[in-house]
Amino acid sequence: MAELRQRKSAPDNSKVPSYSTSVEADGRAGTRRQRQKDSPLLLFVAPLIVLFNVALVAFSVTRIYSTPPVLPANAPSEVFSEARALNTVKDLTETIGYRLVSTKGVDEAHQYMLQQTRQLAAQAKKRGSINAEVEEQRVSGGVNLEYFHAPIGSLYQGLGNVMLRLEPTGQQAVGNTTVLLNAHYDSTLGSPGAADCASCVAVLLEIARVLVSDPTIQLPGPILFLFNGGEESLMQAAHGFVHSGHRWVKDIGVFINLEATGSGGPDTLFQHTAGWTAQTYAAAAKYPRGSVFLQDVFEAGFIPSDTDYRMFSAATGQLGQWPGLDIAHILDSASYHTKQDNLQRLRPGILQAMGENTMAAMLALSQRLASGPAPSYTPSKAKSVFFDVAGYFMVTYSMDIATMIHLAPLVLMMLVLTTMTKGTGQTLSKLLPIGKQAGLSAASFLCAVTIPAVTGALRSGLSGNPMAYYSSPPLQYTIYLPIALVATALPYALFHSASQAHLKEGHRPLQTALLGFALVISAVAGLAVALGFGSGYLFAAWGMCAIAAAGFVSVVQQPLIALLGSMVLALPAQLLCLPLSLSLLIHCVGKANMAGAAPVAQTLVLDTVSGALIGAFTWWNLGFIAPALAFVYKRKLPAVLAALSLFCFITCVLASCAPTAYSDTMPKRVVLQHHNRHDAAGTILATRWTVAAVDSVPIDRALRSINLTSLPPMDNAWQTFFPLGAILQTVHFEAPLPQVPHKGPLTTVKVTKETTHGSVRRLEVEMQLPAAGWGVMNITSAGLQVWSFTDTVTFAAQPVYPKSETKQHMLRFACNQGYDKWNFWLEVNVNQPEVWLDVAASLLEPSDAIREFVSQLPSWASEVLLPRISHLGSCDGNLGSCHKASNRAIMCFL
């Protein structure tokens, strides 16, 4: 009776619940309550929560893929029309076709861009209020870069640029600082380049057409359209433009770079320099998409990729000099750099959205520059926080403000904990339950990442069928999402009694779980601030929502209302996280076919990474919903987790039975080279095919119809792909004799002049390629001091030839037709005069032999062709003949 009287009086002492009262212990009542049955109404709520989150995912997917109406080709001339822009894409991808640097296709594209811009200039002349000029460039030069974490030199000759400058005349001209708009018209190996980047070129041409057609548009200042012909060869044409000394360069004040890493849109802001550029874009764009999280990932080096932004941005050191924006299509990345990147693959509406967004941002940036001097660039203000809210609008604020906002949940959490323990003398007993829940939250994250990763590795290893889900992306989520849910809830199931020991009121377990989650996620937001990441907003949002939900639970008496209210309060964080994380997952799944083959356990890596990513994003988007559902189900939780695990096992078995991981729309990249070995006199000694895959699935699955004899591996077979050769899995086959190329079978290198001044020996060298092409030059010398390529000498961090102890200097080069002779000089120390030179040149015009080989590949293989490789290796200090003691012979692969 005394116990009953005590329980009856409890409500009178807690009419105004607080954070502190929520964790008071009552062990005698706890045992009785744990024996009570779960409320049927609460059990009914759990499926509703699941359905609500499914609906939220569906809503996010709808928002990700939403596009504006496509305007037809006969739309009024003063509006942007995707249909008109698609005519340009068709001309570039179907009439001209492949447009690789060094091929006739890129020269045809250059002439096409000249024709189109000159027509626009003539149209502007008729309007009268705009002065239009067109100029072209052929740029040559060199720059030191870090490419896939390897220091290299990047050299180029004869790359093309086409420029169209529109400037208001008369009283309209209120400013002279130029807005630069850039896109590249070249394509890459194995791709017609419809999205990447004919679509971007088409968008800019259509914007230019609108500007010269609509007399109501008053340009605040000059607009410069740059159509460059050398981005896929490592942003070389853009570098040439920036450092060309052209008269239009000095007036540029800001830039917009357009790119594509997929055919599905949406156009997403993923990098910017100077906070005011992102703020201007957010205010002007009609359909703004983007997140600073993507910029943080890029800057941290997790995505080994690059765009022309690197050559323009003032944030990239000595390469660029302006503030600006980097915008790209990111979905349907399975088509990126494959033969599937064609006109038919472009999703309707994505060019319309990019065109309207870019034109609005361009005019707003121009108005900003015309209204007064732009804020001076400083590294401390190079970046701001920006993110869209389900594609409806974009939020931006400075990193200074971000520090306060992103640390707010952690500060507030410390105040909550202080309030709970103030004046009680029971600090440990008050904080221990929240600490345990924080530990469970951290354990939940670790399980969410590791258990799906291990599941992926086991499925791939036991079945021998890696990436079995690739051709059907929903299958991947079917495999990994159930086990990710199991992993997220597993700590709450394993330690259910421990997590409940100090929680005695019906809704208080949820409240303390919310505070534990808030402590963990707020600490992550604080860590992001300390590291200078702007993406702390994602974690700060979850922290604030969790603290708010905990406060709501502390003043609500009904467990059902407390639970539903917590789910509603989680909605703001979910709206920020779900669309972004789904976009990233869709992007990563599509790009799995170019993720590389790891040298160890290559068939396991991609499935392991896929499981880890889906697990991490599951935990991130569920937030504190997982402990809430664990609270609802209580003792039924193990049975639910067992059912989900069984479902995962069944889907793993079914997926592993798939005959192939690929389809015509989700292809496998196959890299193919035609090698021919020569002696010093040019006599062919042996021929071979070198074939490689760039994902986890063994290459032999694409070669089952190829009836050829395999050969032993060849040393340094992928010098032309440096440093990417390390992630290729390769096989070698016998090959037919080659066709004789344009200027003979050999790349030739000779010293045209040699001089010595004191301790320096200077060699002037001429290198003649068989034809225009791409390639890699390895200069191996311990005494190399200066060269003519770039201002400083760079060298490979790891030797290309493992047995070499001499510094090796790797230089990638590319040239267009008519620029295949290279003249350069090297200066070496006379006490270390030996210089070795290996030149591997890719001649990219296809041959009959390689067409025949490709015809035998399955339809789901997307070939990346290097039809003829001319590889001249090794010379002594005089660049003349090979030392026999070097264990290297003169080789030429044609």
> How about Asn816 and Ser102: does a side-chain donor come under 3.5 Å of a side-chain acceptor?
Replying inline: no
> Quick one: do Asp107 and Arg138 make a salt bridge, cutoff under 4.0 Å?
Replying inline: yes
> Val61 and Leu582: which non-hydrogen atoms are nearest, and at how many Å?
Replying inline: CG2-CD1, 4.0 Å
>> For Leu145 versus Met311, what's the shortest heavy-atom pair and its separation?
In response: CD2-CE, 3.7 Å
> How close do Pro222 and Thr177 get, heavy atom to heavy atom, and via which atoms?
Replying inline: CD-O, 3.6 Å
>> Less than 4.0 angstrom from a charged side-chain N to a carboxylate O is my criterion; do Glu167 and Arg165 meet it?
In response: yes
> Are Arg247 and Glu133 close enough for a salt bridge, meaning some N to O gap below 4.0 Å?
Replying inline: yes
>> If I compare all heavy atoms of Leu576 with all of Asp388, which pair ends up nearest, and what's the gap?
In response: CD2-O, 4.4 Å
> Nearest heavy-atom pair of Asp296 and Gly534: which atoms, and what distance?
Replying inline: OD2-N, 3.0 Å
>> Which residue in the set Thr273, Asn257, Asn182 passes side chain to side chain donor-acceptor pair (under 3.5 Å) when paired with Tyr309?
In response: Thr273
> Where do Glu299 and Gln295 land on the side-chain hydrogen bond (donor to acceptor under 3.5 Å, both in side chains) test, with the steps shown first?
Replying inline: CA-CA 6 Å; Glu299 292 178 350; Gln295 183 158 351; 3.0 Å; yes
>> Can you confirm whether Phe80 sits close enough to Ile207 that some side-chain heavy atom of one is under 4.5 Å from a side-chain heavy atom of the other?
In response: yes
>> Once salt bridge (Lys or Arg N to Asp or Glu O under 4.0 Å) is applied, what residue pairs with a partner in residues 208-234 remain, sequence neighbours excluded?
In response: Glu206-Arg209
> Side chains of Gln115 and Gln111: do they bring a donor and an acceptor to under 3.5 Å?
Replying inline: no
>> Does either side chain, that of Ser154 or that of Gln236, offer a donor lying less than 3.5 Å from an acceptor on the other one?
In response: yes
> Considering all heavy atoms of both residues, which atom of Ala183 and which atom of Val201 are nearest to each other, and what is their separation?
Replying inline: CB-N, 3.8 Å
>> Applying side-chain hydrogen bond (donor to acceptor under 3.5 Å, both in side chains) to Asp326 and Thr307, what does each step give before you reach the verdict?
In response: CA-CA 8 Å; Asp326 205 6; Thr307 72; 2.7 Å; yes
>> Pairing donors with acceptors under 3.5 angstrom, does anything connect the side chains of Thr268 and His329?
In response: no
>> Under a 3.5 Å distance rule, please check whether Gln218 uses its side chain to pair with a backbone N or O of Pro215 as donor and acceptor.
In response: yes
>> For Gly245, is there any backbone N or O sitting under 3.5 Å from a side-chain donor or acceptor partner on Lys250?
In response: no
>> Pair Ser859, Asp664 - check side-chain hydrogen bond (donor to acceptor under 3.5 Å, both in side chains), show working.
In response: CA-CA 6 Å; Ser859 60; Asp664 291 355; 2.7 Å; yes
>> Whether the side chain of Thr169 engages the backbone of Ser129 through a donor-acceptor N/O pair (distance < 3.5 Å, no angle test) should be reported.
In response: yes
> Does NZ or CZ of Arg812 lie under 6.0 Å from the centre of the six-membered ring of Trp774, at an angle within 45° of the ring axis?
Replying inline: no
>> With a 4.0 Å cut-off on N to O distance, would you call Arg289 and Asp267 a salt bridge?
In response: no
> Under 3.5 Å, side chain of Thr95 to main-chain N/O of Leu92, donor-acceptor pair present?
Replying inline: no
>> Between Phe298 and Phe270 (judged by ring centroids, cut-off 6.0 Å), do the two rings come close enough to count as a pair?
In response: yes
> Is the side chain of Tyr156 donor-acceptor paired with the backbone N or O of Leu234 at a distance under 3.5 Å, no angle test?
Replying inline: no
> Parallel, tilted or perpendicular: which describes the rings of Phe312 and Phe241, with under 30° parallel and over 60° perpendicular?
Replying inline: perpendicular
> Got His587 and Lys591 here, is their nearest side-chain heavy-atom distance under 4.5 Å?
Replying inline: yes
> Is the gap between the ring centers of His184 and Phe227 under 6.0 Å?
Replying inline: no
> Stepwise, does the side-chain hydrogen bond (donor to acceptor under 3.5 Å, both in side chains) test hold for Ser335 with Ser263?
Replying inline: CA-CA 7 Å; Ser335 65; Ser263 305; 2.7 Å; yes
> Does NZ or CZ of Arg99 come closer than 6.0 Å to the centre of the six-membered ring of Tyr185, within 45° of the ring's axis?
Replying inline: no
>> Which residues pass the salt bridge (charged side-chain N to carboxylate O under 4.0 Å, His left out) test with Lys90, not counting sequence neighbours?
In response: none
>> Between Asp332 and Arg347 (salt bridge meaning N to carboxylate O under 4.0 Å), is one present in this structure?
In response: no
> Step by step, would you call Tyr112 with Gln116 a side chain to side chain contact (heavy atoms under 4.5 Å, CB included)?
Replying inline: CA-CA 6 Å; Tyr112 174 83; Gln116 295 297 309; 3.6 Å; yes
>> Would you call the rings of Trp860 and Tyr662 parallel, tilted or perpendicular, taking 30° and 60° as the class edges?
In response: parallel
>> Evaluate Glu78 against Ser213 for side chain to side chain contact (heavy atoms under 4.5 Å, CB included), listing each step before the verdict.
In response: CA-CA 6 Å; Glu78 63 270 15; Ser213 300; over 6 Å; no
> Does a donor on one side chain and an acceptor on the other come within less than 3.5 Å for Glu136 and His110?
Replying inline: yes
> Run the side chain to side chain contact (heavy atoms under 4.5 Å, CB included) check on Val179 and Leu224 step by step: do they pass?
Replying inline: CA-CA 6 Å; Val179 177; Leu224 177 60; over 6 Å; no
> For Glu146, what residues pass the salt bridge (charged side-chain N to carboxylate O under 4.0 Å, His left out) criterion, not counting sequence neighbours?
Replying inline: none
